[in-house]
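Position 1 is the first residue of the sequence, and the numbers go up from there.
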Amino acid sequence: MSLKQFLQFKLSQKLSPQQIQLMKLIQLPTQAFEQRLKQELEENPALDTGKESDEIDDNFDEFDNSTDEEFNDNESIEAEDINIDEYLSDDEIPEYRTQANNYSADDEDKSVPYAAGTSFTQHLINQLNTFRLSDQEEEIAYFLVGSVDESGYIRRSLSDITDDLAFTQNVYTTEEEVEKVLHIVHQLDPAGVGARNLQECLSIQLHRKEQHPDVELATAIIDKGFEQFTKKHYKKLMQKFNINEEQLKNAIEQIEHLNPKPGGSYAGNNKIVQHIVPDFAIKIVNGELELTLNGRNAPELHVSREYNNMLKGYKATKEKSKSQKDAVMFIKQKLDAAKWFIEAVRQRQQTLFITMSAIMHYQKEYFLTGDERNLRPMILKDIADEIEMDVSTISRVANSKYVDTPYGTKLIKEFFSESMTNDQGEEVSTREIKKILETVIEEESKKKPLTDEALSKILKEKGYPIARRTVAKYREQLDIPVARLRKEL
């Protein structure tokens, strides 16, 4: 192969800017798509939204791009130089409407709500104002409160805080004084705020509780036996504190009722509450599955009538000047962009619907029952082959979109899983195996949890020959701790 042929081949593999933009549009979930649509409407005056008063044919041809040739500044331009009729044809002004069976009537505007109220930091400062502090102590206390993260912790060392006070606040102090003020911060609500680690956070809360034997023992366990407690070495704790199992159980119950993230409990931390907007909905109607695409993905778009009229005016002018030529070329550019965007939106709708429809039919048994054990092994290539699209396109739809089902709102990529062969020689989904593993662990004796080796044997008995290391991998993917950490009294 010659170098020239090789370069031509390489160039032919490149995506056009329009194809890249289409891929980006396909990747966007509903809310992000609405933002992109808003941006396009703001940037391109030739693009309009809403219904048109006149009926317009949806079919159209490509614009004639033969008008970009060089021309002399002084020459007049004949009407034939630009084929205006192609632009003025009804066929050239596309409009897509949403009144089709595959769009849901989900047209109401949804805004992302914010949590109201005072900020978490201000809430703590308001409490500080009730303490009698010197000017220096007050500055240190404000700085400490400003260092509290959203979970309620101060995760910086006292030496770092002391240095920062000197460099940024011109407050020259010692670690001892900072620690003294930190103990004042520890008296603020919610209990545990300002702690430097989990142990200190739990200890602060226990010291604030009404004292009785169970609380006192729980405090001693956190203060003096925290490592054994986190590793669930219950026998060592019973020996260390000379207590029986019942006493230990009561103390642990006190600890379990504490809040490991005191900052998260304050509603006024002004975090944005994210609401997932499902991109699709699947319903069961008369025993059959029915798929709809969220109507917000199918806006009514058309090319601006005003821009259309500008071209009519240009066509009617007998003598065309350079400035008119420049104006019409600008209009043409905007019309091209508007027309392409409308077509890209249509292709996006079609791609989303076809892809989700293929996934729904592939996983029909699951969508009819809601039982995860009915999920078939399915990889991106299965769907790509079925609808003759690229794997990357399926990935873009699956990774960022949600579907509302009778069993809750699900991320589409969750329906994809690898397969393995059971002892009957049948292909089963790894999701099915994980579900069975989860059930076995739920039903185990918490006094003597099953090791990964034991779980492997049980799964083999159920017809799933899985190695211990694979069990460990699936268990970790399910966020289930090892047997020792699942132990309960």
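The minimum heavy-atom distance linking P260 with C201 is given by the pair O-SG, 4.1 Å. In terms of heavy-atom proximity, E175 sits nearest to S159 at OE2-CB, 3.3 Å. The two atoms that bring D452 and A472 nearest to each other are OD2-CB, 3.5 Å, heavy atoms only. Contact record, R396 with K401: O-NZ, 3.5 Å, taken as the closest heavy-atom pair. Taking each heavy atom of D223 and S203 in turn, the nearest pair found is OD1-OG, 2.8 Å. For the residue pair A218 and A251, the shortest heavy atom distance occurs at CB-O, 3.6 Å.
One distance of note links CD of Q31 with CZ of R296; it measures 6.0 Å at 0.5 Å rounding. Expressed to the nearest 0.5 Å, how far CD of E386 lies from CD1 of I354 amounts to 11.5 Å. The CD atom of E414 sits 10.0 Å away from the CD1 atom of I412 when rounded to the nearest 0.5 Å. A distance of 8.0 Å separates NE2 of H302 from CD1 of I342, quoted to the nearest 0.5 Å. Considering OG1 of T405 and CD of Q363, their distance stands at 12.5 Å, rounded to 0.5 Å. Atom CZ of F353 and atom CD1 of I387 lie 12.0 Å apart (nearest 0.5 Å).
Without hydrogens or angle criteria, S151 side chain to Y153 main chain gives no donor-acceptor distance under 3.5 Å. Counting only distance, with no hydrogens or angles, the side chain of Y474 and the backbone of E438 share no donor-acceptor pair below 3.5 Å. Side chain of T409 to backbone of P278: no donor-acceptor contact under 3.5 angstrom is found. Under the 3.5 Å distance criterion, the side-chain polar atoms of R36 are left unmatched by any main-chain donor or acceptor of K24. Between the side chain of Q136 and the backbone N or O of Y172, at least one donor-acceptor pair lies under 3.5 Å. Side-chain atoms of R468 never come within 3.5 Å of backbone atoms of E453 as a donor-acceptor pair (strictly under, hydrogens ignored). Judged by distance alone, with hydrogens and angles left aside, the side-chain atoms of Q199 form a donor-acceptor pair with the main-chain N or O of I222 at under 3.5 Å. Although no hydrogens or angles enter the test, the distance criterion places a donor-acceptor pair under 3.5 Å between the side chain of Q247 and the main chain of N244. Remark: the backbone N or O of L206 is paired with a side-chain donor or acceptor of Q211 at under 3.5 angstrom. Using modelled atom types, one side-chain atom of S456 and one backbone atom of I466 make a donor-acceptor pair closer than 3.5 Å.
Judged purely by distance below 3.5 Å, without hydrogens or angles, the side chains of Q347 and E343 pair a donor atom with an acceptor atom. With 3.5 Å as the limit, one finds a donor-acceptor pair spanning the side chains of N126 and Q122. Side chains of Q127 and H123: a donor-acceptor N/O pair is present below 3.5 angstrom, by distance only.
Between V277 and Y402, every side-chain heavy-atom pair lies at or beyond the 4.5 Å cut-off. I441 is not listed as a side-chain neighbour of L450, based on a closest heavy-atom distance of 4.5 Å or more. Side-chain contact between Y464 and L437 is absent, with no heavy atoms from C-beta onward closer than 4.5 Å. When side chains are defined from C-beta on, I284 counts as touching L289, because their heavy atoms get closer than 4.5 Å. F131 is listed as a side-chain neighbour of L188, based on a closest heavy-atom distance under 4.5 Å. Between I433 and I436, the closest side-chain pair of non-hydrogen atoms is not below 4.5 Å. For the pair F416 and D382, the minimum side-chain heavy-atom distance is 4.5 Å or more. Counting heavy atoms from C-beta on, the side chains of L37 and L301 come closer than 4.5 Å.
Using the six-membered ring where Trp is involved, F367 and F415 have ring planes that are perpendicular, over 60° apart on the 30 and 60° scheme.
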Residue pair L128, V145: steps toward the side chain to side chain contact (heavy atoms under 4.5 Å, CB included) verdict: CA-CA 9 Å; L128 277 179; V145 161; 3.6 Å; yes
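A salt bridge links E200 with R196: the closest approach of a Lys/Arg side-chain nitrogen to an acidic carboxylate oxygen falls below 4.0 angstrom. A salt bridge links K446 to E444: one of the charged nitrogens lies within less than 4.0 Å of a carboxylate oxygen. Using a cutoff of 4.0 Å between basic side-chain nitrogens and carboxylate oxygens, R208 and D189 are scored as salt-bridged.
A cation-pi arrangement is found for R376 relative to Y362, the charged atom lying closer than 6.0 Å to the ring centre and inside a 45° cone about the ring normal.
Environment of NZ in K413: sparse, with no more than 12 heavy atoms of neighbouring residues, nucleotides or ligands closer than 6.0 Å. No more than 12 heavy atoms of other residues, nucleotides or ligands sit less than 6.0 Å from atom CG of N242. Annotation for H183: atom NE2 counts as buried by contact number, over 12 foreign heavy atoms lying within 6.0 Å. More than 12 heavy atoms of other shown residues, nucleotides or ligands fall within 6.0 angstrom of atom CD in E442.
Residue pairs meeting the salt bridge (charged side-chain N to carboxylate O under 4.0 Å, His left out) criterion with at least one member in residues 121-146, sequence neighbours excluded: E137-K180.
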